[in-house]
2 protein chains.
Amino acid sequence: MKIVSWNINSVRFRIAIVEQFLREAEPDVLCLQETKVIDADFPFAMFRSLGYDHIVIHGQRMHHGVATLSRVPIVADDRFDWQANAEARHVGVRLPNGVRLENVYVPAGGDVPDREVNPKFGQKLDFVARMIDWSRGLDMPTILTGDFNIAPLPSDVWSHKALLKTVSHTPIEVEALDQLQASNDWVDLGRHFHPAPARLHTWWSYRSPDWTVNDRGRRLDHMWATADVAKTATAHTVFEACRSWLSPSDHVPIMTEFDF
Amino acid sequence: MKIVSWNINSVRFRIAIVEQFLREAEPDVLCLQETKVIDADFPFAMFRSLGYDHIVIHGQRMHHGVATLSRVPIVADDRFDWQANAEARHVGVRLPNGVRLENVYVPAGGDVPDREVNPKFGQKLDFVARMIDWSRGLDMPTILTGDFNIAPLPSDVWSHKALLKTVSHTPIEVEALDQLQASNDWVDLGRHFHPAPARLHTWWSYRSPDWTVNDRGRRLDHMWATADVAKTATAHTVFEACRSWLSPSDHVPIMTEFDF
DNA sequence: GGTGTAGAGG
DNA sequence: CCTCTACACC
């Protein structure tokens, strides 16, 4: 079972490269974030044409929006509002073996890492705090994946020093993500298969004509699993090449293979 | 001497097909309307690379804007404000033989053909009225070309009956254009070479997935010359095929060949 | 239907 | 840098 997470930055605008990726990587399940489309306008046709007939979406107008698409049967499960503002940032499904798959898009958090000056930063921390509450009570085999918008380890960013005051890598965010991981027996599958300080970036800003020149990447996208599920994982891949495809997302897909 | 007029609907967005056209038709002079670019951002490079080194532009932000580009020497001449509102809708040049070439973009005139309800319609009629004043005093060999936004003859539109109340083909606009033509010894070179009711449309709305299906064209673009110049004209061509090029303008180029 | 603008959000 | 929305204008 191959499970992918990809912040696609508009699934309609990106439909061609999503198709290209699905044909090449052939995942069983695809978790998308930032679909930026209401459910009525979701581009079902391409996915169905490739056999992804099981589609669970939680969209909204303009921003955010998540979707989980599968060629094996999945069942819609929960939809948490971890930001308590009705933004479409989570959708959960059950896989055929009963494992829960939680697809999440953590808020970016604005520019200034200060709750007072920048309310978006506070909302991001609150979002993770509510994820921690949920995680503590969790007692089922679960995969938690998506765009967490936090790069926890020094080797998860192109320069630990340069980014200590940059939202996504500030100590307070890293501490929050560490607490989330400690709140259950979560395994960070990316680092499980590619221990730090291996290169494992999943995002490069658009604000550079050529992302490969300075190569200022960050690991914002993650695939976690509870220990019972994690021990069935056999591989984890970051599809860095997708960042150079035509009209790319600023994020690349990550994929974990499970032995079930 | 081959002279072309083309409403290009953004010269920057359309730069590829302009280049394609110049390579295929090889005009000596190109009059563009709706360049939609300020002079500082005009895409000079492509034109210069093809030998169009003589460039006289009258641009503005956002809307309108005209440009005359030539591979034979031209000299900037007048810039009339026939709408008395500082919109960039005209630029005049002198050709090497002294003939004046007036490149004009007549206002579209809005939707409702009523001066009271729709001020844009009044501005269009006022614009033509000022052209008539100018034309009456004209005593030099002159070519007047551009997007006139009026289709004067019944055969200049896909349905005379259906368009009698549609701006561009209303009797009051046709009457204004007739007066303009009568105000000097103007020859309508399109109809000179392709007498009515020959097909001679130059514009098809974007509001149809396939312009060829209903083929609801109009002749909005014109090339006129005073009689002395007109008698040196040898051919007139409408490049209808350009309407099917990739990412086309809604107007196609028209070209007159002169024996000078 | 298509183009330009502006601002929000990333 | 890139996407979305909304609007003006054609």
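Quick caveat: nothing in here was measured; it's all calculated off a predicted structure. Residue numbers start from 1 in every chain, and the chains themselves are labelled A, B, ... in the order their sequence lines are given, proteins ahead of strands.
Between the CG atom of Leu246(B) and the C1' atom of dT3(C) there is a distance of 16 Å, rounded to whole Å. Atom CG in Asn7(B) sits roughly 14 Å away from atom C1' in dG4(C) (whole-Å rounding). Nucleotide dG10(C) holds its P atom 14 Å from the CZ atom of Phe121(A), rounded to whole Å. In this structure, Ile15(B) places its CD1 atom 15 Å from C1' of dT3(C), rounding to the nearest Å. Atom CG in Asn9(B) sits about 7 Å away from atom P in dG4(C), given to the nearest Å. Atom CZ of Phe13(B) is separated from atom C1' of dG4(C) by 11 Å (rounded to the nearest Å). Computed from coordinates, the Glu34(B) CD to dT3(C) C1' distance equals 9 Å when rounded to whole Å. Rounded to an integer number of Å, the gap from His251(A) NE2 to dG10(C) P is 11 Å.
Not one N or O on the side chain of Thr68(A) forms a donor-acceptor pair closer than 3.5 Å with the backbone of Cys31(A).
In this structure, His58(A) has its ring center at least 6.0 angstrom away from the ring center of His90(A). In this structure, Tyr105(A) has its ring center no closer than 6.0 Å to that of Phe148(A). Taking the centre of each ring, Trp158(A) and His201(A) stay at or above the 6.0 Å mark.
Between Trp245(A) and Phe21(A), the angle of the ring planes lies from 30° to 60°, which puts this pair in the tilted group.
On the nucleic acid side, DNA chain D has its first and last nucleotide under 4.0 Å of a heavy atom of chain B at dC9(D) to dC10(D), going 5' to 3'.
Within 4.0 Å of Ser205(B), counting heavy atoms only, lies no atom of the nucleic acid at all. Heavy atoms of Ser247(B) sit under 4.0 angstrom from primed sugar atoms or phosphate atoms, though from no base atom. No contact: Arg218(A) has no heavy atom under 4.0 Å from any strand.
Comparing dG4(C), dG10(C), dT3(C) by their nearest atom to the side chain of Lys120(A) picks out dG10(C). Taking the side chain of His63(A) as heavy atoms from C-beta on, and the options dT3(C), dT5(C), dG9(C), the nearest nucleotide is dG9(C).
Asp221(B) places a side-chain heavy atom less than 4.5 Å from the side chain of Asn7(B).
Against DNA chain D, the stretch residues 104-112 of chain B makes heavy-atom approaches under 4.0 Å through Tyr105(B), Ala108(B).
For Asp188(A) and Arg219(A), the salt-bridge test passes: some basic side-chain N is under 4.0 Å from an acidic carboxylate O. Using a cutoff of 4.0 Å between basic side-chain nitrogens and carboxylate oxygens, Arg89(B) and Asp81(B) are not scored as salt-bridged.
The side chain of Ser208(B) places no N or O atom within less than 4.0 Å of a non-bridging phosphate oxygen (OP1 or OP2) of dG1(C).
A cation-pi arrangement, defined by a distance under 6.0 Å to the six-membered ring centre and an angle within 45 degrees of its axis, is absent between Arg218(B) and Trp203(B).
Counting atom types as modelled, Arg14(B) pairs no side-chain N or O with a base atom of dG2(C) as donor and acceptor under 3.5 Å.
The salt bridge (Lys or Arg N to Asp or Glu O under 4.0 Å) pairs that include a residue from residues 239-255 of chain B are Arg199(B)-Glu240(B), where partners are two or more places apart or lie in different chains.
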